[in-house]
Protein chains: 2
Amino acid sequence: MKNNIRVERAILNISQAELAERVQVTRQTINAIELGKYAPSAVLAMKIARVFGKKVEDVFELEDTD
Amino acid sequence: MKNNIRVERAILNISQAELAERVQVTRQTINAIELGKYAPSAVLAMKIARVFGKKVEDVFELEDTD
DNA sequence: ATATTATGTAAAATATATTTTACATTATGC
DNA sequence: GCATAATGTAAAATATATTTTACATAATAT
């Protein structure tokens with residue numbers, strides 16, 4: 001599962017901590033997902049996309065291994 | 001987390017078992033998600049939406065409790 | 001240069017999703 | 001009515017996401 005959270009955060013100019021706060025998870029969760037350590041739940045993916053004003057598919061991309 | 005998997009399945013005329021096969025999970029997993037017993041992972045939500053030719057947001061809807 | 005903010009990481013605990021096996025109920029075709 | 005397919009359900013096991021606490025490093029501002 002790839003994502004462009006870093007880019008979208010840069011556009012909004014918000015930190016991992018602020019994104020975490022906005023979607024109600026810890027900073028470590030955002031960090032891990034952003035770095036691709038694991039994939040989020042659908043709920044979290046939708047919340048993150050919503051913060052960015054984008055669709056889930058515009059922020060996250062399925063890989064062949066998923 | 002609400003969803004309209006049942007409707008989308010009806011449009012494609014496929015059973016829970018066939019949807020499960022197409023997204024590589026068990027039939028029970030599709031049944032549980034369709035009935036709202038729990039929310040899927042982002043990977044599974046994206047695979048399901050892809051089968052229906054829809055965006056995740058067109059198949060799943062965040063609720064206030066999510 | 002130093003203080004402050006942001007990011008990376010890690011281990012243990014907890015919550016949640018998914019599988020497996022199995023059976024019950026409901027719908028559908030014949 | 002009977003066979004068959006489809007759906008609902010449940011308990012236990014396993015996999016995975018998320019939290020908590022804590023510390024390390026990198027970047028930025030003053």
Side-chain angles (χ1 to χ4, degrees):
Chain A
M1 179 93 136
K2 282 167 55 178
N3 72 82
N4 45 37
I5 294 175
R6 179 145 313 196
V7 171
E8 295 296 337
R9 276 200 308 106
I11 293 172
L12 281 190
N13 193 34
I14 61 176
S15 65
Q16 291 180 348
E18 178 162 356
L19 176 56
E21 193 182 1
R22 290 212 209 172
V23 297
Q24 310 254 66
V25 294
T26 64
R27 179 182 70 77
Q28 285 82 344
T29 295
I30 295 297
N31 182 261
I33 290 167
E34 183 169 313
L35 296 180
K37 304 224 164 178
Y38 49 75
S41 66
V43 168
L44 182 50
M46 291 182 76
K47 285 182 178 177
I48 291 172
R50 188 171 59 181
V51 166
F52 296 147
K54 294 270 171 77
K55 300 281 190 183
V56 168
E57 282 85 351
D58 297 326
V59 180
F60 299 94
E61 186 183 356
L62 283 178
E63 295 180 286
D64 303 337
T65 54
D66 288 324
Chain B
M1 180 93 139
K2 282 168 55 179
N3 73 82
N4 46 38
I5 293 174
R6 179 145 314 197
V7 172
E8 295 297 336
R9 276 200 308 107
I11 293 172
L12 281 190
N13 192 32
I14 61 176
S15 65
Q16 291 179 346
E18 179 162 356
L19 176 56
E21 193 181 2
R22 290 213 208 172
V23 298
Q24 310 254 66
V25 293
T26 63
R27 178 182 71 78
Q28 286 82 344
T29 295
I30 295 298
N31 182 260
I33 290 166
E34 182 169 315
L35 296 180
K37 304 223 165 180
Y38 50 74
S41 66
V43 167
L44 182 49
M46 291 181 76
K47 285 181 178 176
I48 291 171
R50 188 171 59 182
V51 166
F52 296 147
K54 293 272 171 76
K55 301 281 189 183
V56 169
E57 283 85 351
D58 296 326
V59 179
F60 299 94
E61 185 182 358
L62 283 178
E63 295 180 286
D64 303 338
T65 54
D66 289 325

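Sequence lines set the chain letters: A, B, ... in the order given, protein chains first and strands last, and positions in each chain run from 1. Below, each value reflects all heavy atoms present in this structure, side chains not excepted, and no hydrogens, waters or symmetry copies.
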[X] [atom1] - [N] [atom2] separation (whole Å):
| X | N | atom1 | atom2 | answer |
| --- | --- | --- | --- | --- |
| A/Tyr38 | C/dT16 | OH | P | 14 Å |
| A/Ile48 | D/dT18 | CD1 | C1' | 12 Å |
| B/Leu44 | C/dT19 | CG | P | 8 Å |
| A/Asp66 | D/dT16 | CG | C1' | 13 Å |
| A/Leu19 | C/dG8 | CG | C1' | 16 Å |
| B/Met1 | C/dT16 | CE | P | 14 Å |

Check: D/dT21 base within 3.5 Å donor-acceptor of A/Gln28 side chain: yes

Nearest heavy atoms of A/Met1 and A/Leu62, plus distance in Å: SD-CD2, 4.4 Å

Nearest atoms (heavy-atom pairs only) where A/Val59 meets A/Lys54: CG2-CB, 3.8 Å

Test item: A/Asn31 side-chain N/O and A/Thr26 main-chain N/O as donor-acceptor pair under 3.5 Å: no

Nucleotide of D/dT18, C/dT18, D/dT9 approaching B/Lys37 most closely (side-chain heavy atoms): D/dT9

Phosphate OP1/OP2 of C/dT19 contacted by B/Thr26 side-chain N/O (<4.0 Å): yes

B/Thr29 side-chain N/O to C/dA17 phosphate OP1/OP2 under 4.0 Å: no

Stepwise side chain to side chain contact (heavy atoms under 4.5 Å, CB included) check, A/Leu44 with A/Ile33: CA-CA 10 Å; A/Leu44 182 50; A/Ile33 290 167; 3.5 Å; yes

What does the list of N/O pairs under 3.5 Å between the protein and nucleotides 3-7 of chain D look like, with a distance for each?
from	atom 1	to	atom 2	distance (Å)
D/dT7	OP1	B/Arg9	NH1	2.9
D/dT7	OP1	B/Arg9	NH2	3.2
D/dT7	OP2	B/Gln16	N	2.8

Touch class at under 4.0 angstrom, heavy-atom based, for B/Ala39 against every strand present: sugar-phosphate

Check whether any side-chain heavy atom of [X] sits under 4.5 Å from a side-chain heavy atom of [Y], and report yes or no.
| X | Y | value |
| --- | --- | --- |
| A/Val56 | B/Lys55 | no |
| A/Ile5 | A/Phe52 | yes |
| B/Leu12 | B/Leu19 | no |

